[in-house]
Amino acid sequence: QARDSAGFAKAKEAFEYVTFLKEDVPYLQKALLYRYYDFDSTYYYNITKSISELIETLDSNHTSVAFVKENYSKLTGDKELLKPFMLGLLSFIKTEESYLLLKELITTSPPKIFKEYYWRNGVYDSLALTRKLFPEILSLAGDPGLYDFISEHTLTMLDTNYIDLPTLKKYKDGFIKSGKRLLDLSVAEHEERFYNYLNLVKILGKLNDPQGNEVLKKLGNIDINTLK
């Protein structure tokens, strides 16, 4: 690891010119266990994202399943923000083993991140595998970091009849909890983050629950043109 930002900038520039091979995957995986100078919680445009993409391309033997299983729980404290990269690795491996581990980790030990965050993932690519996350993943409907991700995929599962409304209603409290949390945002925060909760608004509408409808009514009274 570089000792300062200047050293890191040089190392990052050199990284772009290196050709990596399948044999380098174990070293690239270990590199995901560290936070670097360019890391930020948007998960865009940093070396960690580049390393993840290389692993996804080169790891044809799916060794990342065992790697994530062994190392996920070790990412604590300021490394908690690295967990979405681990989950992302699993999501791009299109096997039942990988998705069962993804479900286990995300439901029993979701990243402790208390604001919506982007995490690069391949959950969109296979409905058959995505459905394996349900209904258990609905228990995260109230999670402040993951509720928008959950809401989006829940709508997809409903639209494709992989889950039904009675199943969804068993988890209504989590969605309502997320809706109530949004009511505490300032107008400026609503303007900035409305995109994150558009799917939640749709879910609350489908639930048609008295508490949820009250939340919807209050959200509708917020002066955001995009929601009108």
Side-chain angles (χ1 to χ4, degrees), residues 65 68 72 83-84 86-185 190 193-222 224 226-228:
V65 176
V68 173
Y72 183 84
K83 281 184 175 179
M86 295 289 194
L87 298 175
L89 283 181
L90 294 176
S91 74
F92 282 102
I93 298 174
K94 303 306 179 183
T95 66
E96 182 174 0
E97 178 189 16
S98 182
Y99 268 67
L100 288 177
L101 179 59
L102 173 59
K103 178 169 70 173
E104 175 188 343
L105 295 179
I106 203 171
T107 56
T108 63
S109 184
K112 296 176 182 178
I113 303 174
F114 302 105
K115 182 180 179 180
E116 306 96 334
Y117 57 89
Y118 168 82
W119 61 294
R120 184 174 176 274
N121 67 84
V123 175
Y124 306 87
D125 300 336
S126 171
L127 284 176
L129 286 171
T130 301
R131 70 181 296 190
K132 294 184 180 299
L133 304 178
F134 286 81
E136 291 85 352
I137 200 172
L138 292 172
S139 64
L140 293 171
D143 186 282
L146 284 169
Y147 79 86
D148 58 327
F149 170 82
I150 302 302
S151 297
E152 179 179 2
H153 288 289
T154 298
L155 285 174
T156 300
M157 292 294 105
L158 283 170
D159 290 344
T160 53
N161 297 316
Y162 280 126
I163 61 171
D164 56 22
L165 195 55
T167 299
L168 177 64
K169 287 187 175 182
K170 294 177 183 178
Y171 298 89
K172 66 178 183 178
D173 290 347
F175 291 104
I176 294 171
K177 177 182 177 181
S178 288
K180 288 181 176 178
R181 188 173 54 248
L182 294 174
L183 295 176
D184 294 330
L185 298 178
H190 278 288
R193 295 160 62 179
F194 73 89
Y195 181 79
N196 296 106
Y197 60 79
L198 289 178
N199 289 314
L200 175 62
V201 168
K202 295 177 183 178
I203 292 287
L204 292 175
K206 289 180 179 293
L207 287 171
N208 194 24
D209 176 87
Q211 289 188 63
N213 290 342
E214 183 65 23
V215 172
L216 278 177
K217 181 179 179 181
K218 291 179 179 178
L219 285 173
N221 288 332
I222 298 171
I224 301 177
T226 311
L227 292 179
K228 300 300 182 182

Check your understanding: Below 4.5 Å, heavy atoms only, C-beta onward: do Pro135 and Met157 meet side chain to side chain?
Key -> no

To the nearest 0.5 Å, atom CG of Leu219 lies from atom CG of Leu200 at 7.5 Å

side-chain contact (heavy atoms from CB on, under 4.5 Å) evaluation trace for Tyr147 with Lys177: CA-CA 10 Å; Tyr147 79 86; Lys177 177 182 177 181; over 6 Å; no

Heavy-atom closest pair (Val215 atom, Leu183 atom, distance to 0.1 Å) is O-CD2, 4.2 Å

Side chain to side chain donor-acceptor pair (under 3.5 Å) filter on Lys180, not counting sequence neighbours, yields Gln211

**Message:** Measuring only between side-chain heavy atoms, which start at C-beta, is Glu152 closer than 4.5 Å to Tyr124?
**Reply:** yes

Interatomic distance, CD1@Ile150 vs OG@Ser139, rounded to 0.5 Å, equals 7.5 Å

Here the gap from Leu216 atom CG to Leu204 atom CG, rounded to the nearest 0.5 Å, amounts to 4.5 Å

Contacts of Lys132 meeting salt bridge (Lys or Arg N to Asp or Glu O under 4.0 Å) (sequence neighbours excluded), chain-then-number -> Glu96

Nearest heavy-atom approach of Ser98 to Val65 is CB-CG2, 4.0 Å

Exactly one of Leu90, Leu102, Ile93 clears side-chain contact (heavy atoms from CB on, under 4.5 Å) with Val68, and that residue is Leu90

Exercise. Given side chains that start at C-beta, do those of Leu133 and His153 come closer than 4.5 Å, heavy atoms only?
Worked result: no

Rounding to 0.5 Å, atoms CG (Leu101) and CG (Leu89) come to a distance of 11.0 Å

Heavy-atom closest pair (Gly122 atom, Ser91 atom, distance to 0.1 Å) is N-OG, 2.8 Å

Test ring pair (Phe, Tyr, Trp, His ring centres under 6.0 Å), reference Phe149, set Tyr117, Trp119, Tyr197, output is Trp119

By ring-ring contact (aromatic ring centres under 6.0 Å, His included), Tyr162 pairs with (sequence neighbours left out) none

CG (Leu129) and CG (Leu127) are apart, to the nearest 0.5 Å, by 9.5 Å

Can you list the steps and then say if Thr130 with Thr156 is a side-chain contact (heavy atoms from CB on, under 4.5 Å)?
-> CA-CA 10 Å; Thr130 301; Thr156 300; over 6 Å; no

For Asp125, the salt bridge (Lys or Arg N to Asp or Glu O under 4.0 Å) test, sequence neighbours excluded, returns Lys94

For Ser109 and Lys83, the nearest pair of non-hydrogen atoms, with its separation, is OG-NZ, 3.6 Å

Those residues at least two apart in sequence (or on a different chain) that pass salt bridge (Lys or Arg N to Asp or Glu O under 4.0 Å) with Lys103 are Glu136

*asked:* So Ile176 and Asp209, do their side chains get closer than 4.5 Å, heavy atoms only?
replied: yes

Derivation and outcome, side-chain contact (heavy atoms from CB on, under 4.5 Å), residues Thr154 and Phe134:
CA-CA 9 Å; Thr154 298; Phe134 286 81; 3.6 Å; yes

Taking every heavy atom of Ser178 against every heavy atom of Ala141, the minimum-distance pair comes out as OG-O, 2.6 Å

Residues passing the salt bridge (Lys or Arg N to Asp or Glu O under 4.0 Å) test with Asp164, sequence neighbours excluded, are none

When rounded to the nearest 0.5 Å, the distance separating OH of Tyr72 from CD of Glu104 is 10.5 Å

| query | Taking it one step at a time, do Leu155 and Lys202 satisfy side-chain contact (heavy atoms from CB on, under 4.5 Å)? | reply | CA-CA 8 Å; Leu155 285 174; Lys202 295 177 183 178; 3.8 Å; yes

